[in-house]
There are 2 protein chains.
Amino acid sequence: MYAYAQRVKYMQGSAVREILKVTEEPEVISFAGGLPAPELFPLQQLREGFARVLAGPDASSLQYSTTEGYVKLREYLAVQMSSEGINAGPENILITNGSQQALDLIAKLFLNPGDTVLVENPSYLGAIQTFRSYEANFVTLPSDEQGITTEGFAEIITRFRPKLIYVSPNFRNPTGLTMSLTRRKSLAELSNRFRVPVIEDNPYGALRYSGEHLPAVKSFDRRETVLYLSTFSKTVAPGLRLGWVVAPPELMAKLVLAKQGTDLHTSTLVQRALYYYLTHNCVESHISSLRKEYAQRLALMLREMAAYFPSQASWTRPNGGMFIWVTLPDKVDATQLLQEAVREKIAFVPGSPFFANGGGENTLRLNFSNSTPEQISTGIERLGRLLDTKLNPKLED
Amino acid sequence: MYAYAQRVKYMQGSAVREILKVTEEPEVISFAGGLPAPELFPLQQLREGFARVLAGPDASSLQYSTTEGYVKLREYLAVQMSSEGINAGPENILITNGSQQALDLIAKLFLNPGDTVLVENPSYLGAIQTFRSYEANFVTLPSDEQGITTEGFAEIITRFRPKLIYVSPNFRNPTGLTMSLTRRKSLAELSNRFRVPVIEDNPYGALRYSGEHLPAVKSFDRRETVLYLSTFSKTVAPGLRLGWVVAPPELMAKLVLAKQGTDLHTSTLVQRALYYYLTHNCVESHISSLRKEYAQRLALMLREMAAYFPSQASWTRPNGGMFIWVTLPDKVDATQLLQEAVREKIAFVPGSPFFANGGGENTLRLNFSNSTPEQISTGIERLGRLLDTKLNPKLED
């Protein structure tokens, strides 16, 4: 019984989390998490990075450092950004504890209680939770296979006066879908015209398995209203907690103040060791081997789904990322289904929490990056059989 | 020109920061920062820790992990806490990115715009900035050499209905002063009686050079209204960004939700490597060598101040920590003095930003942990001469 702030009302735990606790048992095959494959982490190379940075005699990697982040890492990232078509110098880049922290800092800068955020539907749960903790309201954007439909968008902006627009254009969590080039351009144009900041969250962009690379929304930003976020969590390792945000100078200054009050700065040591790793290894070949392995797991999961899932289920066929999104007939409640699934030693995440304003009870998300081919085959067969029993009950005689 | 949230108005950069940029020049002797001595970091031992944790084949140190933090590190800390007289299990401990993050999370849970926070006067600038970013008002507590005076405190609570009380009982930043045992007890009692949470921030507790160890305010907490914060920044290394908060179960659950939305969790790798370091080295003997070295630097600085500072200046004689606090005659403005000091290649931090509601223009903070004995001797002599010229101008003939 403490006298909490108003916002605490909106900080809710997940009921699904309780159900998913059983997935820690080793015999459960879980497609629930959003984890990369640990066997693909560059363990040896990172070990070398930490050893070199801690070799001495310079001990500054263990000292306090600037809030903005390690300048060499920011210079490296500025160069990387140009491959996304983004024109940025180190002075535009803030190092964060994963991109989740960037979401929090941006929300802190922009959201008063009751402010509106436009989000895709469904959208990344972690972003919804962060915006909600700042007492935001949500307006969900109509979208299809090409991402949010930008027709009608101007009317939505005029009507709801949003403070922020949150999108994740590449193989987004949870659907795996990608925003088309045309829509990226019109989103940037609309953001510029109405001066509504777009948060472009791109954790999965490097993990494309098919189709052509598309430039970032930020690359079409002419009036400094797009903030670009990414992370090393999916390309190197999430346990480092290293991400970054690209922002125009005025916003950078505010983000730095916000981060200073939040945690002073991101680990000096981790930034330096990661920088050593990035500049002493062929990162592109590492990412290319990730792509190859994940592409196989995705293809296998899609094949097994085609073989075992009943005809009433439909699902996305992503060009990258870590997730497949499944839609079941309206009458099926995926949270209830999960209870049955865990009894069969199989787990997934029900889709409804990804819908900021409710709905989607008949949807679920499957992760393919964190399971071995054997687990994918066995798990999808199990889940397919459960779905089939549920949707096509056999008459007993 | 962005449509910021209301709170951004209260997120101000420091004017002093600009002046202090010159202290990066190598010939400037700076007592301005709050940095530990990098030559005392356990570089080799931490290197070993990272190497062992990254030795494989287990790669889980690079994977996502729980928001609460590494359970073995939390178990270790729970045991440590008992030496502070604090009864806590791992379930009461949340790992944070330094204690600064704990301040931010607690502020997020408790502060609505306009809420009141009681703070010592002067108080830790980083805490003031964090509370301010949540649009807090401050009521400053009358205090003397024994810490805040708890007489009259009940009236202050009744009158101002504070949401939080922030104190740092051991050798606090910026004054170096310590709260007496009696006042610790009455603070806990008052917090319990009025159910106003106390944030007990203890970054320097292990760095005591004289006098007797005093139990934590939290150790007198009978009704779960005291939150205890500490960090490895001063005892191991700040570049790791590792701190913790001890909280009752209900608050732990809320802190975990808040941290989840803020950055998911603290670096898995850093937590594991630090745990390896803590359990494979004699940390007590490391801290004891820190104490020995810092005690010498403190003693030297006090001796040099006695020798070179004019009689109109007075200062604290701390029993630990990293700072000495200087009070000059009312007419001296320490920010203006700093401008003159940097021309003489010497720097300090003016005291006024540490006063939440203004004042203290004639005060300044000196750090002694980050300078060599030679720098301390030369620097204090320089500063003393500057002060003397200013306060006791010689008549030219």
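For chain A, the option among Leu240(B), Val53(B), Asn112(B), Thr268(B) with the highest count of heavy-atom pairs below 4.5 Å is Asn112(B). When the candidates Ala51(B), Gly98(B), Ser133(B) are compared by the number of heavy-atom contacts under 4.5 Å with chain A, Ala51(B) comes out ahead. In terms of heavy-atom pairs under 4.5 Å with chain A, the best-connected choice from Lys254(B), Lys108(B), Gln129(B) is Lys108(B). Chain A forms the most heavy-atom pairs under 4.5 Å with one residue out of Glu250(B), Gln101(B), Gln6(B), and that residue is Glu250(B). The residue among Leu35(A), Val236(A), Leu46(A) with the most heavy atom pairs within less than 4.5 Å of chain B is Leu35(A). Ranked by heavy-atom pairs under 4.5 Å with chain A, the list Asn97(B), Leu109(B), Thr130(B), Val8(B) is led by Leu109(B). With chain B as the partner, the residue from Arg195(A), Gln100(A), Glu224(A) showing the most heavy-atom pairs under 4.5 Å is Gln100(A). Ranking Gln44(A), Met11(A), Gln12(A) against chain B, the residue ahead of the rest is Met11(A), based on heavy-atom pairs under 4.5 Å. Most heavy-atom pairs under 4.5 Å with chain B, from the set Tyr2(A), Tyr134(A), Phe110(A): that is Tyr2(A). Taking Gln260(B), His265(B), Glu48(B), Glu39(B) one by one and counting their heavy-atom pairs under 4.5 Å with chain A, the maximum is reached by His265(B). Ranking Arg272(A), Arg7(A), Arg132(A) against chain B, the residue ahead of the rest is Arg7(A), based on heavy-atom pairs under 4.5 Å. Among Gly261(A), Ala3(A), Ala5(A), the residue making the largest number of heavy-atom pairs under 4.5 Å with chain B is Ala5(A).
Taken from CD1 in Ile199(B) to CD1 in Ile106(B), the straight-line distance is 4.5 Å, to the nearest 0.5 Å. With rounding to the nearest 0.5 angstrom, the CG atom of Asp104(B) is 12.0 Å from the OG atom of Ser99(B).
If you measure heavy-atom distances from Ala107(A) to chain B, the contacts under 4.5 Å come from the backbone alone. Interface residue Ala258(A): backbone and side-chain heavy atoms are both found under 4.5 Å from chain B. Looking at Thr262(A), the atoms closer than 4.5 Å to chain B (heavy atoms on both sides) sit in the backbone and in the side chain alike. Neither the backbone nor the side chain of Thr96(A) comes within less than 4.5 Å of any heavy atom in chain B. Looking at Asp115(A), neither its backbone nor its side chain comes within 4.5 Å of chain B, counting heavy atoms on both sides. Of the two parts of Phe131(B), neither the backbone nor the side chain holds a non-hydrogen atom closer than 4.5 Å to a non-hydrogen atom of chain A. With a threshold of 4.5 angstrom between heavy atoms, Gln271(B) does not approach chain A through any atom at all. Looking at Pro36(A), both its backbone and its side chain come within 4.5 Å of chain B, counting heavy atoms on both sides.
The two residues Pro38(A) and Ala59(B) make their nearest non-hydrogen contact at O-CB, 3.5 Å.
Between the Thr116(A) side chain and the Ala136(A) main chain, no donor and acceptor come within less than 3.5 Å of each other. Judged purely by atom type and a 3.5 angstrom limit, Glu135(A) has no side-chain atom pairing as donor or acceptor with the backbone of Tyr10(A). Here the side chain of Ser191(A) pairs a donor or acceptor atom with the backbone of Val196(A) at under 3.5 angstrom.
Applying the ring-ring contact (aromatic ring centres under 6.0 Å, His included) test to pairs two or more places apart or on separate chains, those with a residue in residues 45-69 of chain B are Phe50(A)-Phe50(B).
Ring orientation note: the planes of Tyr166(A) and Tyr124(A) are tilted relative to one another, at an angle of 30° to 60°. The aromatic rings of Phe232(B) and Trp244(B) lie tilted to each other, with the angle between the two planes from 30° to 60°. Note on ring orientation: taking the six-membered ring where Trp is involved, the planes of Tyr70(B) and Tyr275(B) are perpendicular (angle over 60°, cut-offs 30° and 60°).
When only modelled atom types and interatomic distance are considered, Arg241(B) and Ser267(B) share no side-chain donor-acceptor pair under 3.5 Å.
Within 6.0 Å of atom CZ in Arg161(A), 12 or fewer heavy atoms from other residues, nucleotides or ligands are found, so the atom counts as exposed in its surroundings.
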